[in-house]
Amino acid sequence: MKKLKVLLAMVLALAICLAFCACAKTTEQPQSDDISGEENSAQPTALGDPEKKAILVVSFGTSYNETRAVTIEAIENAITAEFTDFDVRRAFTSQIIIDKLASRDGLEIDNVAQALERLISEGYGTLVVQPTHIMNGYEYDEMLENIEPYKDSFVNLAVGQPLLSSDDDYTAVAEMLAAETAEYDADNSAVVFMGHGTEHAANSSYAQLQQKLLDLGYDNYVIGTVEAAPSLEDVMEKCEELGVSKVVLLPFMIVAGDHANNDMAGDEEGSWKTEFKAAGYEVECVLRGVGEYEAAQKLFVEHTREVVESLG
Amino acid sequence: MKRKILVLLLAAIMTLSIFSACGAKPEGSGTAQNDAEISFVDDDGNQISLDAPAERIISFYSAHTENLYSLGAGDKLIGGHTTCVYPAEAAEKAIYDYKGDPEYVIAAQPDVVVIRPHIARSTPEYFETLKNAGIIVVSLYPESFDDFPQYIEKLALLTGTQERADELLEKFYEDLNAIHELTSLVDDKQTVFFEATEQNIRTVAEGSMPDRAIEYAGGINLAEGAKPMTEGSSIAEFGEERVLARGDEIDVYVSQRGAMNSGGNLISIGERPGFDTVKAVEDGRVFLINEKLISSPTFRYYKGVNELARYMYPELLDDTSVFDIDEPATRRQFASMVVRTLHIPVYVPSSSKYYREERDTHTYGMFEDVHWQEEDFDYIETAVYTGYLSWRKGEDGLEYFDPDTIVTREELAKTVFIAGDFSSGEAHKAIADLDSCENARIVQTLVDCGVFELTADGCFEPQRELSCREVLSALAFINK
């Protein structure tokens, strides 16, 4: 119980901190038609049954159906299989994707606030929120902001960590990347992972992961980002230093969506594929999101377990 | 032989008879009774009278803007709507918003504001205010494709560009008929499904511009005779069930992209349940087309028809035999050869925010030495967009393509390598002048792969200028 209190206090502190933080930059406009209505308006009269438990898996979302099935859904399924006394629910943070799936495929997917409202109305008293984010960036912060108004609406509420959090996570992820790409690992090849990148301080995760790969002896593995540092230029410089003739490009993102298909593997000026080819490298693109890796799914299960166990 | 001539003649007569109505000189479209008086009725029924052609125009519709530029009246435009981004120079004009304060327009002192009926209905009070301020508001929109010439004539009357309009219209129908004549000789007619909206898989109504485009391009519309959802609408219900039921008939699947539809793409259409059985999906013949090319009443419609024809009959439309010559190959010809050989759909930016985004890559339409009305404009833009052809930023900070420069061997090597999939083997042939190659790795790989021969003394000759024939023969290795 003490652990829970500490956890709740941490979530609350972080949320308050974020509320006053100028860095709360988001890529999408807040939705005016959320179920939650006015900000901080959710103040239920009665708490739910603490024995009625749910895990809310929060993902950015993707409109690529097949990719979603093997990444986000696979993570959700792994969590469902492991925590049989919890009901597992889904929420996406991208309203654009939620709206697109609703209009195009008739798929109703909740945003975080809607999912929380639904759980409250159904009488859930215990909630674990597990994001499928790579790191504690803006998306993660925004999710915490969305949870904050509901902090008193559950008897037990805890939030799990993203993929990269502890040093052990970095080791596990580095080993996973190497194991999943062992077939491409050759003296004349570099295995290049393209992350998203962010202006958020969490961008240092990429450098940290790169260092971990080197520490583990995976010298020809290179991490870069689309939107921040290390940039494509940095990545190409490293490949030049490695003296390889071939690069294998993979997304370091949960799903292989638009960035992977266009910025990485697109036939267009400026894409990683085109730039590497223009520099004379043989290029192979592997459109497989990190969420497809079983080891990544297991890591998310472990992060969920940590918070589930903290609830006692 | 005689029979062949007879068939050709018959085909020509039929084509002429089908489309003769389109090329007819418009009647009652208006008059310029003398240099000082212009008078016609606009598409909202307003009597428009001007003493002289307009000199200061604000356009609230992208097609009007584009057509005014085509007519050579771009310099008369003093501003436009945020969606007016073609040609690229239109995006540099002041932006006005008919949902905002009309005082901004009044302050700019235009003599004419051109709109369309749809806009007039959305904010009537805005345009009342402009009229009260003495500004002439002209509402134009061709409801059907057959009204296009009359519409252009009215824009021409407004701007005193009738001569240019006549030339353009004549060329427009000539070009359309040329595509139709070319494809009408094909025995194996291709069936197209045109997806107008991803939502509910709607298609285009009979007689709409895309429907007519399929006809011009020599295709069969799977949804032939589809009735509009509402009167005057270009969209018709069709639905997933009917697409799937007739999936084996669909040779080519075209998805429209633009404001009306974000457009399914190759991946998302193939991912839809059951769509993997659609013939076009199985064959990888799913294409996107920008709505500005196919649904907008502009002269670019011809390009949309050409694109549809390329999707259906790539070998016919992308014939490169004209380049099988020993003449030096210019970069302009190079772009055309690359896009045709690889059957790359022409690139057109789909977002009206395009020019507000920062980029390190080339910006569409911004080459100082390639005009948007040039014949090879689309090929050049597309070849550069794909990264297959290079460009340069001049000392003046502006963008240049150097269309008349002759293609060198090394330049061709780079394009072939980027567009193809070539692997460097273990054994490397010795290249005597490899040190003088800027892209040594690429040259080495392609020589090893047999794409390029060396001279008798083992040189690659990176700076040697090439003929069109030499370019074509190297490009042929890309698809191998």
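Quick note on labels: first sequence line is chain A, next is B, and so on, each numbered from 1.
For B/Thr386 and A/Glu268, the side-chain atoms include no donor-acceptor pair closer than 3.5 Å.
Interface remark: B/Phe422 contributes backbone atoms only to the contact with chain A (heavy atom separation under 4.5 Å). Only the side chain of A/Asn261 comes within less than 4.5 Å of a heavy atom in chain B; its backbone stays farther off. Both the backbone and the side chain of A/Tyr281 come within less than 4.5 Å of a heavy atom of chain B.
Residues of residues 231-250 of chain A that come closer than 4.5 Å to chain B, counting heavy atoms only, are A/Glu240, A/Val244, A/Ser245, ordered by residue number. Residues of residues 65-78 of chain A lying under 4.5 angstrom from chain B, judged on non-hydrogen atoms, are A/Asn65, A/Glu66, A/Thr67 by number. Interface with chain A: from residues 437-445 of chain B, residues B/Asn439, B/Arg441, B/Ile442 qualify, criterion being any non-hydrogen pair under 4.5 Å. Against chain A, no residue from residues 337-351 of chain B qualifies, as none has a non-hydrogen atom under 4.5 angstrom away.
Taking CD from B/Glu198 and CG from A/Asp105, the interatomic distance works out to 7.5 Å, rounded to the nearest 0.5 Å. The distance from the CD atom of A/Glu275 to the OG1 atom of B/Thr361 is 9.0 Å, given to the nearest 0.5 Å.
When side chains are defined from C-beta on, B/Tyr385 does not count as touching A/Glu269, because their heavy atoms never get closer than 4.5 Å.
Panel note: side chain B/Lys414, backbone A/Ala279; no donor-acceptor pair is recorded below 3.5 Å.
Counting non-hydrogen atoms of other residues, nucleotides and ligands closer than 6.0 Å to CD of A/Glu294 gives a total of 12 or fewer. The environment of CD in A/Glu183 is crowded: more than 12 heavy-atom neighbours from other residues, nucleotides or ligands sit within 6.0 Å.
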Would you check, one step at a time, whether the test side-chain contact (heavy atoms from CB on, under 4.5 Å) holds for B/Tyr388 with A/Asp267? CA-CA 9 Å; B/Tyr388 295 167; A/Asp267 281 317; 3.7 Å; yes
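Here the closest non-hydrogen pair linking A/Lys277 and B/Ala419 is NZ-C, 4.5 Å.
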